[in-house]
> 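Sharing a structure here in structure tokens format.
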Amino acid sequence: MKRVAVLISGRGSNMRALIAAASAPGFPAKIVLVISNVVSAEGLHFAAEAGIATQVIPHKAYRSREEFDHALNGVLEAAGIEIVCLAGFMRILSDWFAKRWQGRLLNIHPSLLPLFKGVHVHEQALQAGVRVSGCTVHFVVPELDAGPIIAQTTVPVEMEDTPEILAARVLGEEHKLYPAALKMLAEGKVRLENGRAVFAR
Ligand code: GAR
């Protein structure tokens, strides 16, 4: 079983979905550590109650992105982490960190990448007038929201949608997609090779 850390900054609903999925018999990965850069992240309480080790690494305590990322890397290595899942982790990681963990670092983003990167994703989707949106799990590379795609799910965009309504519809799918993508990576059904996601037949 692969040892997984989940990195959060807030609510942690994707983290909860990963914890729930990983607790099922036969799941090829175990969530052993939850790390937040924000001390008040609500997700930390749930993780602690689920008996999972938690750690806060406040980014403000570090002088630079690189120093924060080295501290983060130290914690991950000390815990014997093999896969890192970013789940609402609202902090850009350095090129060094992305390269250090390449092929073992996943992110979930609430749009059909490469559309609508960054923040205010659902506002961007509604502004563009797309008729479908969705979510993407991808390998993290140094460029933001740009890594090779592992899995995507679509949802319809309805005429009366607000960013909040669309976000909730997408989030429901995120909670299914992220555990499925983590399972694929942990089982070796997908890997990062020459900058592409390669799937086992
Ligand atoms: C999720 O919708 C996730 O896709 C998004 O933040 C939300 C976190 O919710 N992530 C990003 O926008 C990253 N670029 P959660 O804390 O309840 O999982």
Side-chain angles (χ1 to χ4, degrees), residues 4-23 29 31 33-50 52 54-57 59 65 68-69 72 83-95 97-98 101 105-128 130 132-157 161-182 185:
V4 176
V6 182
L7 272 52
I8 65 170
S9 298
R11 181 178 54 185
S13 72
N14 277 292
M15 173 211 75
R16 288 210 297 273
L18 290 169
I19 291 171
S23 70
I31 314 298
L33 179 61
V34 171
I35 298 175
S36 175
N37 63 316
V38 177
V39 67
S40 59
E42 305 101 272
L44 287 170
H45 301 291
F46 181 92
E49 274 165 26
I52 294 166
T54 61
Q55 186 145 353
V56 177
I57 309 177
H59 59 267
R65 196 173 294 287
F68 171 81
D69 286 2
L72 175 60
I83 296 175
V84 178
C85 291
L86 307 182
F89 185 69
M90 302 313 250
R91 201 170 158 74
I92 294 171
L93 293 163
S94 60
D95 291 8
F97 188 91
W101 286 89
L105 178 57
L106 302 184
N107 182 43
I108 188 155
H109 185 77
S111 76
L112 294 175
L113 290 174
L115 290 174
F116 314 135
K117 296 176 179 179
V119 292
H120 307 303
V121 172
H122 305 294
E123 284 87 341
Q124 291 187 57
L126 293 176
Q127 191 83 45
V130 291
V132 292
S133 192
C135 48
T136 303
V137 177
H138 64 94
F139 286 113
V140 173
V141 297
E143 195 189 330
L144 184 69
D145 295 334
I149 292 169
I150 296 173
Q152 293 182 301
T153 305
T154 59
V155 303
V157 178
D161 277 354
T162 61
E164 293 72 28
I165 292 171
L166 180 55
R169 192 178 302 125
V170 171
L171 191 66
E173 295 304 323
E174 293 183 45
H175 296 163
K176 295 179 239 167
L177 189 69
Y178 212 173
L182 172 59
L185 179 64

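Ligands are counted one by one from 1 in listed order, and the atoms in each one are counted from 1 as well.
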> What does the 4.0 Å heavy-atom contact list look like for ligand 1?
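Heavy-atom contacts below 4.0 Å: Arg11, Gly12, Ser13, Asn14, Gly88, Met90, Ile108, His109, Pro110, Leu171, Glu174.
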> Do the rings of Phe68 and His59 sit parallel, tilted or perpendicular, given the 30° and 60° boundaries?
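Because their plane-to-plane angle is over 60°, the rings of Phe68 and His59 count as perpendicular.
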> CZ/Phe139 to CG/Leu105 distance, rounded to the nearest 0.5 angstrom?
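Here the rounded value is 9.5 Å.
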> Show me the pairs that pass side chain to side chain donor-acceptor pair (under 3.5 Å) and involve residues 136-149, at least two apart or across chains.
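Sorted result for residues 136-149: Asn107-His138, Thr136-Gln152.
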> Passes side chain to side chain contact (heavy atoms under 4.5 Å, CB included), Leu144 versus Lys117? Steps please.
CA-CA 8 Å; Leu144 184 69; Lys117 296 176 179 179; 5.8 Å; no
> Step by step, work out the side chain to side chain contact (heavy atoms under 4.5 Å, CB included) result for Val155 and Leu166.
CA-CA 9 Å; Val155 303; Leu166 180 55; 4.2 Å; yes
> Do the side chain of Gln124 and the main chain of Val119 share a donor and acceptor less than 3.5 angstrom apart?
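A pair under 3.5 Å: yes.
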